[in-house]
Chemist: 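Let me begin by handing over the structure; questions about it come next.
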Amino acid sequence: MSAANSASVNGADVDEANPLEQSTITMLDVLEEEKELEEEYAAVLGGSDEKECTYAKGAIQRQALYSCLTCCPEARDDPKKSAGVCLACSYKCHENHELIELYTRRNFRCDCPTLEKRCALNPQLEAMQPKNENNLYNHNFQGVYCKCKRPYPDPERTTEETMLQCVICEDWFHLQHMQAPEGSDKLSNACSEMICDCCMERHEFLRDYSALALQPAAAAKESEIEEVNVVDSQPTKNEQQSEQQSEQPAEKRLKLSDDACRRPKSSKEHKGAAFWANDWRKALCRCDKCLELYKEQSVEFLLDAEDSVENYEKRGMKRIEENSSYEQGIRALASIDRTKQIDVITEYNRMGDKLKEFLQSFAANKKVVTEDDIKRFFAGMRSEKSTAVSQPYFCR
Ligand SMILES: [Zn+2]
Ligand SMILES: [Zn+2]
Ligand SMILES: [Zn+2]
Ligand SMILES: [Zn+2]
Ligand SMILES: [Zn+2]
Ligand SMILES: [Zn+2]
């Protein structure tokens with residue numbers, strides 16, 4: 001969808017044709033508003049499927065997940081007895097249940113078919129399935145977060161609360177509860193990923209990379225944050241070329257560079273949570289020894305570029321670009337010829353709320369808005385108008 005198309009919808013001719021334009025909301029405003037809602041929606045749901053249960057796909061790299069306390073009341077006392085269900089199951093199998101939104105989780109297999117109440121989306125499974133042994137559960141499944149084990153939003157809190165999710169343990173934390181260095185509130189906006197103090201302790205090797213973490217002192221000057229250099233452990237094109245040009249056999253040289261550990265030797269003491277710049281994961285060494293270490297500590301996902309929440313959200317955004325009623329509305333509008341477009345917009349300004357309702361019904365039902373739908377809407381409006389008290393402005 002080009003900007004030119006949108007401009008023609010909201011362009012100067014419209015203002016000339018309709019002096020009331022400035023005081024009324026435009027169709028584009030409505031569609032923009034809807035786009036914002038959809039973007040928020042997409043950010044959480046990302047690539048998650050809202051119709052099919054993900055159980056058959058096994059442990060999915062990342063998906064939106066819900067904990068059901070109606071099906072697992074014993075989870076209130078013991079998070080290990082929780083069940084996490086996928087987006088489609090949350091709609092279809094756990095409607096009106098007490099669900100806790102877990103945002104997104106990595107490597108989790110939908111638990112719905114393992115519950116006594118059978119999964120409606122997997123009718124082919126004849127019996128209750130065994131527990132998913134590899135799923136990890138924590139107190140988030142009980143609806144509490146952080147070290148303070150409070151719900152979110154916290155009904156007893158009077159000040160605004162910002163919670164950050166740890167990239168490793170996936171729990172959510174209040175900034176003031178994770179030994180973040182002073183001034184870290186600025187970092188929390190600038191960083192792309194955060195690792196909580198407990199995970200920094202647990203995975204000692206991360207402290208060797210702490211020179212790459214954002215420093216609170218630098219946060220005051222935002223320009224410096226962007227200049228944090230990330231050393232890419234993947235050979236660059238130039239390096240690869242020089243390897244090929246070298247007299248040594250390429251295979252031998254590659255082997256050598258594989259063995260050379262690129263893990264920095266940190267001289268600085270790092271304490272507390274760490275805030276990382278975009279792309280910091282690329283700096284993680286990939287030598288055999290380090291790979292072994294990641295495996296032992298179950299943090300191999302750090303090497304996977306697709307793992308980050310940012311990436312997941314991008315996939316979601318890409319999906320709505322193809323499916324959004326915003327795009328569809330604009331496209332349908334753009335396909336109507338120009339004189340009619342102005343008619344449509346003029347009519348719209350008169351009938352704004354009704355059209356908004358009309359478009360929202362499409363968004364709510366996930367239906368595609370077509371040119372015909374829009375024409376049908378305005379045809380309906382016109383016949384209504386002809387029976388109404390005459391409005392001179394609209395007579396043509
Ligand atoms: Zn499911
Ligand atoms: Zn349930
Ligand atoms: Zn289900
Ligand atoms: Zn807390
Ligand atoms: Zn953590
Ligand atoms: Zn290494």
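In this text the structure is predicted, and so the values were computed from the model without any measurement. In each ligand, atom 1 is the first atom listed, and ligand 1 is the first ligand listed.
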Chemist: Any cation-pi pair here, Arg109 with Tyr55, using under 6.0 Å and within 45°?
Modeler: yes

Chemist: Can a donor-acceptor pair be found between the side chains of Asn122 and Gln129 at a distance below 3.5 Å?
Modeler: no

Chemist: Which angle, to the nearest 10 degrees, do you find at the Zn ion (ligand 2) between ND1 in His97 and SG in Cys68?
Modeler: 110°

Chemist: One thing to verify: whether Asp197 and Lys147 come together as a salt bridge, which I'm taking to mean a side-chain N less than 4.0 angstrom from a carboxylate O.
Modeler: yes

Chemist: What's the shortest heavy-atom distance between Ile100 and Asn140, and which atoms?
Modeler: CG2-O, 3.6 Å

Chemist: Only N/O/S atoms count here: what is the atom of His177 closest to the Zn ion (ligand 4) called?
Modeler: ND1

Chemist: Do NZ/NE/NH1/NH2 and the carboxylate oxygens of Arg150 and Glu156 come within less than 4.0 Å?
Modeler: yes

Chemist: Counting backbone and side-chain atoms alike, does His94 have an N/O/S atom under 2.8 Å from the Zn ion (ligand 2)?
Modeler: yes

Chemist: Given atoms SG of Cys287 and SG of Cys261, what angle do they subtend at the Zn ion (ligand 6), to the nearest 10 degrees?
Modeler: 110°

Chemist: Have a look at His174 and say which of its N, O or S atoms is nearest the Zn ion (ligand 4).
Modeler: ND1

Chemist: Mind reading off the angle at the Zn ion (ligand 6) between the SG atom of Cys285 and the SG atom of Cys290, rounded to 10°?
Modeler: 110°

Chemist: Looking at Phe205, is Arg263 sitting on its ring face, NZ or CZ under 6.0 Å from the six-membered ring centre and within 45 degrees of the normal?
Modeler: no

Chemist: Mind checking whether the Zn ion (ligand 2) has an N, O or S of Cys72 under 2.8 Å?
Modeler: no

